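Contents: one structure, followed by commentary.
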Protein chains: 2
Amino acid sequence: MSYLSIQGNVDPRARSSYPFLRAPVRHANTTLRFEREQVICLPPDAAQVFKIISGWVRLVQDLADGRRQIVSFHGKGDFVWCMRNASVSICAEAIEETLLICADGISKEEMHQAALQQMVEAQKHVLLLSQRSSDERVASFLLDMQRRMGSSRIFSLPMSRADFAAFVGMKIETISRCLSSLQQRGLIRLHGLRGVEIPARAALERLLQ
Amino acid sequence: MSYLSIQGNVDPRARSSYPFLRAPVRHANTTLRFEREQVICLPPDAAQVFKIISGWVRLVQDLADGRRQIVSFHGKGDFVWCMRNASVSICAEAIEETLLICADGISKEEMHQAALQQMVEAQKHVLLLSQRSSDERVASFLLDMQRRMGSSRIFSLPMSRADFAAFVGMKIETISRCLSSLQQRGLIRLHGLRGVEIPARAALERLLQ
DNA sequence: CGGTCCGTTGATAGAATTCAACGGTTGTGG
DNA sequence: CCACAACCGTTGAATTCTATCAACGGACCG
């Protein structure tokens, strides 16, 4: 396995077994495949909007000092676009093997709807970050992910603890403590590193009032 | 002074000297005046979008348990719209005497631009809340307000400490401590309850790296 | 002039982070 | 296939940060 040689600040992912600069695999005219940990760069001729066919994607904002904020996670059916601006620069990255289609032909109406939805999500996130305790944030995230994974009692988180933590604005140790605490209280059950079982959704929801 | 009589949870503002249910004053066809602490309800026939001519407005999300999150502040020239949805309900309120025009005739392009800007602001807010210490949040807010007030060295905050706190996700005591600390370090100077002086903007910005 | 509201400050309690150690899993190369 | 290394996640102890509770002074309003 050969590594990319990079000057200056070396992105930790560049040292992992997944060199992060690599071209996506083109399957059909508009279908692209990205692998785990790959930064999603669309062909320059495509509109910078895409729709996820399968897999999971994170939107990431890197800070000067190395911390990173995860803005949102997106799965099957979601529309995603890169927001770049003088003051914010947010990148999309695949967190597992992901298929997507470049969405040049999306209707204005559909786009508008998606933008509004993202706005609502952003507001909910602000509320989560500023008003919730660590237990509540973790519970809220698990409930949200369960819903998005199809509401089955047992599901598998698509992201690592580090991504989990970077999204809810906590440290991974605190995430771990909260998960253990919720498990001890019988509100969840953990299966391996990614598996989560929610025996009674109502009980967990009661945490959030 | 007669008070409104309200059953159940009494809004604290209902007990203040500004009863909060009241019609705005109509100046011209489309120009409305709202007073301090007044909830901004637009006439039902108007588009629920407006532009601020003068004054300051806060967007507020009230929680079931009485806490409130301030989503954003808006001043002269800003476009504002109320976002209502199954999962979020955000209201606009004047924090001082405010003139605005209902903006039925705003171009699509202008609206789109404003929406994008709000999206960017929301992301910056998420970053502030999840990655910044209390000192950094206060410094960041002061710098932002200074810029919006015209970048003069001395300016007057349009909002109370309570609103300040509800925006940056802290308690008013902590806000007060941070302001005192920044003043002792020579990074700011306080003038009365609302006045703020930033002797050297660069020094304060250094706090944020 | 007196009361209420707003902001500041101090002492204490509580929550989350930091630092450190450890076990388990995964991937790599022999 | 096995051994080893790197990474990921969990747990404990100590520290740091913020909230809470309480008291107080000043501004504003009637």
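Model, not experiment: these values are computed from the prediction. Labels below follow one simple rule: chain letters A, B, ... track the order of the sequence lines, proteins then strands, and each chain is numbered from 1.
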Self-check item: Carboxylate-amine/guanidinium proximity below 4.0 Å for A/E205 and A/R201
Solution: yes

Quiz item: How many Å lie between CZ on B/R161 and C1' on D/dA27, as a whole number?
Solution: 13 Å

Self-check item: A/R36 side chain, from C-beta outward: closest of C/dG27, C/dC19, C/dT9
Solution: C/dG27

Exercise. Nearest whole angstrom, please: distance from the P of C/dT8 to the CD1 of B/I172.
Key: 8 Å

Quiz item: Is the B/F167 ring parallel, tilted or perpendicular to the B/H125 ring (thresholds 30°, 60°)?
Solution: parallel

Quiz item: B/S160 side chain: which of C/dG7, C/dT9, C/dG27 is closest?
Solution: C/dG7

Quiz prompt | Nearest-angstrom distance from the residue atom CG of A/L157 to P of D/dC8 | solution = 16 Å

Short heteroatom pairs, N/O only, protein and nucleotides 12-16 of chain C, under 3.5 Å:
residue	atom	partner	partner atom	Å
C/dA16	OP1	A/S134	N	2.8
C/dA16	OP1	A/S134	OG	3.2
C/dA16	OP2	A/S134	OG	2.9

Practice problem: In plain terms, say whether B/R153 and B/E197 are close enough for a salt bridge, that is, a side-chain N and a carboxylate O under 4.0 Å apart. | Solution: yes

Quiz item: Whole-Å distance between D/dG26 P and B/L190 CG?
Solution: 16 Å

Quiz prompt | Spacing of B/D163 atom CG relative to C/dG7 atom P, expressed in whole Å | solution = 9 Å

Practice problem: Figure out the CZ/P separation between A/R194 and C/dT25, and round it to whole Å. | Solution: 14 Å

Practice problem: Could you check A/K51, A/R148, A/R58 and say which one makes a salt bridge (charged side-chain N to carboxylate O under 4.0 Å, His left out) with A/D78? | Solution: A/R148

Self-check item: Nearest-Å distance for atom pair CZ/P, residues B/R177 and C/dT8
Solution: 11 Å

Exercise. Could you pull out the closest heavy-atom pair between B/D135 and B/R185, with the gap in Å?
Key: OD2-NH2, 2.7 Å

Quiz item: Given atom CG of A/L193 and atom P of C/dG23, what is their separation to the nearest angstrom?
Solution: 16 Å

Self-check item: Pairing of B/R68 and B/E93 as salt bridge, 4.0 angstrom limit
Solution: yes

